[in-house]
Amino acid sequence: MAIVLTATAASAQTPPAEGAVTRPEWVRKPSEQDIADVVDRTVNSYDRIPVGWAVMKCHVTAAGELDACRVIVEAPDPGKIGKAALQLSSFFRLKPAMKDGQPIDGGEIVVPIVVRAPGFTPRPTYAPGRPSFVLSPLIGQKQVSIRMPCPFDPDKAAVCEARDISWTDAPDPFETAPLILAAQQETGSSTAFCQLTAAGLLEKCRMEGKTSPAAVNAMNQTLAQLKGPTLASGGPLATPAVVALVFDWKALTKTARALVADDKRAP
């Protein structure tokens, strides 16, 4: 069975500088063959592959290469996923940050890597509001992978099908780390049930689960930054719609602490 290593969305932190500075942009990610080669070098058999994710931080050079990469946090089994992620770092290329039209060296980029097996993709719980689902009433006895109570049904009797969605524009874990730490919530999970408007805005959100005032504030600030939802299986998401966004506080806090601690150690 084939194993797929997927690089998800990432964004960079460029150092302050005088003049007009633009952010790095991706121009190349590992190909399927690159991925297969790295997996072959990293593990010996399917049974030994831990499905999960890793988050690494890298220095961005003026040539658009990733340098001095280090794994900040990984789950659930430290070691193999991070090792594969580091080997893949050499296959990434970016259009480097620019200052006054000239490429500049510097800045750090956060790169999440997800290892999945055929038929199973681990949830990207390192990022707030992930996983995300679009909900639709379940009709008849249709077989579905995930079911949830329809959140805006007055009698809460209806059951909804939950389909995975992704976001075209979302804050990376480095940007949301201060919010997560300020929530001071290290266990449990919360879910935001929101109505997605035709303009792509999340409104009338209802929080369920473990939700302190600080946690609700962190959730609301994150939800305001999510844009451009699409079906994970491909294709646009029809609006208006009802969506559910999960906040796994244990994974979020672990990731946020690791990123902040690494940032403090940086020169």
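Worth saying up front: this structure is predicted, and the values here are computed from it rather than measured. Sequential numbering from 1 along the given sequence is applied to the chain's residues.
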**Student:** Looking only at heavy atoms, which two atoms of Val110 and Phe174 are closest? And how far apart?
**Tutor:**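 Residues Val110 and Phe174, closest heavy atoms: CG2-CB, 3.6 Å.
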
**Student:** Please report the shortest heavy-atom distance between Met207 and Ala192, naming the atom on each side.
**Tutor:**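 Scanning both residues, the minimum pair turns out to be SD-CB, 3.6 Å.
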
**Student:** Does the side chain of Lys57 come within less than 4.5 Å of Ile109's, by heavy atoms?
**Tutor:**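 No, side chains not in contact.
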
**Student:** Would you call Arg147 and Leu138 a side-chain contact if the rule is heavy atoms closer than 4.5 Å?
**Tutor:**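 Yes. Closest side-chain heavy atoms under 4.5 Å.
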
**Student:** Measure the spacing between CD1 of Ile81 and CG of Leu86 and express it to the nearest 0.5 Å.
**Tutor:**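 That separation rounds to 12.0 Å.
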
**Student:** Are a donor atom and an acceptor atom from the side chains of Thr230 and Ser166 found within less than 3.5 Å of each other?
**Tutor:**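 Thr230 vs Ser166: donor-acceptor pair found between side chains.
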
**Student:** Going by an N to O cut-off under 4.0 Å, is there a salt bridge joining Asp262 and Arg257?
**Tutor:**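 Here Asp262 does not pair with Arg257 in a salt bridge, since their nearest N and O are not under 4.0 Å apart.
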
**Student:** Ignoring hydrogens, what is the shortest heavy-atom contact between Leu196 and Pro229? Give both atom names and the distance.
**Tutor:**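 In this case the closest contact between Leu196 and Pro229 is CD2-CG, 3.5 Å.
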
**Student:** When you measure from the side chain of Arg130 to the backbone of Arg123, do you find a donor-acceptor pair of N or O atoms at a distance under 3.5 Å?
**Tutor:**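 Flag not set: sc Arg130 to bb Arg123 has no pair under 3.5 Å.
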
**Student:** Would the distance check show the side chain of Gln195 and the main-chain N or O of Lys204 forming a donor-acceptor pair, the cut-off being under 3.5 Å?
**Tutor:**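 No; zero donor-acceptor contacts below 3.5 Å.
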
**Student:** Apply the test side chain to side chain contact (heavy atoms under 4.5 Å, CB included) to residues Arg70 and Met56: give CA-CA distance (whole Å), side-chain angles for both, the deciding distance (0.1 Å), then the verdict.
**Tutor:** CA-CA 5 Å; Arg70 64 266 187 203; Met56 64 179 180; over 6 Å; no

**Student:** Which residues satisfy the salt bridge (charged side-chain N to carboxylate O under 4.0 Å, His left out) test with Asp169, sequence neighbours excluded?
**Tutor:**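 Residues passing salt bridge (charged side-chain N to carboxylate O under 4.0 Å, His left out) with Asp169: none at all.
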
**Student:** Does either side chain, that of Ser190 or that of Trp249, offer a donor lying less than 3.5 Å from an acceptor on the other one?
**Tutor:**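 Checked: Ser190/Trp249 side chains pair up, N/O donor to acceptor below 3.5 Å.
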
**Student:** So, do Leu181 and Val260 sit near enough that their side-chain heavy atoms are less than 4.5 Å apart?
**Tutor:**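 Yes. Closest side-chain heavy atoms under 4.5 Å.
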
**Student:** Measure the shortest side-chain to side-chain distance between Thr197 and Pro240 over non-hydrogen atoms and say whether it is less than 4.5 angstrom.
**Tutor:**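 SC-SC contact between Thr197 and Pro240 ruled out.
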
**Student:** Just how far is it from atom CZ of Phe133 to atom CE of Met148, taken to the nearest 0.5 Å?
**Tutor:**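 One finds 4.5 Å between CZ of Phe133 and CE of Met148.
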
**Student:** Just to verify, what does Glu203 make a salt bridge (charged side-chain N to carboxylate O under 4.0 Å, His left out) with, not counting sequence neighbours?
**Tutor:**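 Salt bridge (charged side-chain N to carboxylate O under 4.0 Å, His left out) check on Glu203 returns nothing, list empty.
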
**Student:** Less than 4.0 Å between a side-chain N and a carboxylate O, is that true for Lys254 and Asp248?
**Tutor:**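 No, no charged N to carboxylate O under 4.0 Å.
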
**Student:** Is atom NZ of Lys227 surrounded by more than 12 heavy atoms (other residues, nucleotides or ligands) closer than 6.0 Å?
**Tutor:**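 Check fails, neighbour count at 12 or below.
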
**Student:** Between Leu252 and Ala127, which heavy-atom pair has the shortest distance, and what is it?
**Tutor:**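 Scanning both residues completely, I find the closest heavy atoms to be CD2-C, 3.3 Å.
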
**Student:** Of the non-hydrogen atoms in Phe92 and Leu88, which two are nearest, and what is the gap between them?
**Tutor:**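 In terms of heavy atoms, the two residues are closest at CD1-O, 3.3 Å.
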
**Student:** Quick one: do Trp167 and Ser132 satisfy side chain to side chain donor-acceptor pair (under 3.5 Å)? Show the steps, please.
**Tutor:** CA-CA 9 Å; Trp167 300 90; Ser132 302; 3.0 Å; yes

**Student:** Kindly work out whether a path of hydrophobic side-chain contacts (I/L/V/M/F/W/Y, heavy atoms less than 4.5 Å apart) joins Leu179 to Tyr126.
**Tutor:**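 Unlinked, Leu179 and Tyr126 end up in two clusters.
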
**Student:** Under 4.5 Å between side-chain heavy atoms, counting indirect links through other Ile/Leu/Val/Met/Phe/Trp/Tyr residues: same cluster for Leu201 and Val243 or not?
**Tutor:**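 In one cluster: no.
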
**Student:** Step by step, work out the side chain to side chain donor-acceptor pair (under 3.5 Å) result for Thr187 and Lys210.
**Tutor:** CA-CA 8 Å; Thr187 60; Lys210 194 169 184 179; 2.8 Å; yes

**Student:** Going by the disulfide (SG to SG under 2.5 Å) test, which pairs reach into residues 161-211, not counting sequence neighbours?
**Tutor:**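 Residue pairs with at least one partner in residues 161-211: Cys194-Cys205.
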
**Student:** Could you check whether any side-chain N or O of Thr61 sits under 3.5 Å from a backbone N or O of Ala63, counting only pairs where one atom can act as donor and the other as acceptor?
**Tutor:**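 Here the side-chain-to-backbone pair exists.
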
**Student:** Could you state the interatomic distance from NZ (Lys29) to CZ (Phe91), rounded to the nearest 0.5 Å?
**Tutor:**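 Output value for this atom pair is 15.5 Å.
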
**Student:** Return the CG to OG1 distance between Asn217 and Thr211, rounded to the nearest 0.5 Å.
**Tutor:**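 Reported to 0.5 Å precision, the distance equals 12.5 Å.
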
**Student:** Between OG of Ser89 and CG of Leu66, what distance do you get to the nearest 0.5 Å?
**Tutor:**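 Between Ser89 OG and Leu66 CG, I get 6.0 Å after rounding to 0.5 Å.
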
**Student:** Can you tell me how far the CG atom of Leu231 sits from the CG atom of Asp164, to the nearest 0.5 Å?
**Tutor:**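 Rounded to the nearest 0.5 Å, the CG-CG separation comes out at 9.5 Å.
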
**Student:** Does the pair Thr255 and Ile72 meet the rule for a side chain to side chain contact (heavy atoms under 4.5 Å, CB included), with working shown?
**Tutor:** CA-CA 8 Å; Thr255 303; Ile72 304 303; over 6 Å; no

**Student:** Considering non-hydrogen atoms only, spot the tightest contact between Ala183 and Ala215 and give its length.
**Tutor:**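 Of all heavy-atom pairs spanning Ala183 and Ala215, the closest is CB-CA, 3.9 Å.
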
**Student:** When you compare the side chain of Asp34 with that of Arg28, does any pair of heavy atoms fall below 4.5 Å?
**Tutor:**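 They are in contact (side-chain heavy atoms under 4.5 Å apart), so the answer is yes.
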
**Student:** Side-chain contact test, heavy atoms from C-beta onward, threshold under 4.5 Å: evaluate it for Arg206 versus Pro151 and give yes or no.
**Tutor:**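 Answer yes - side chains close enough.
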
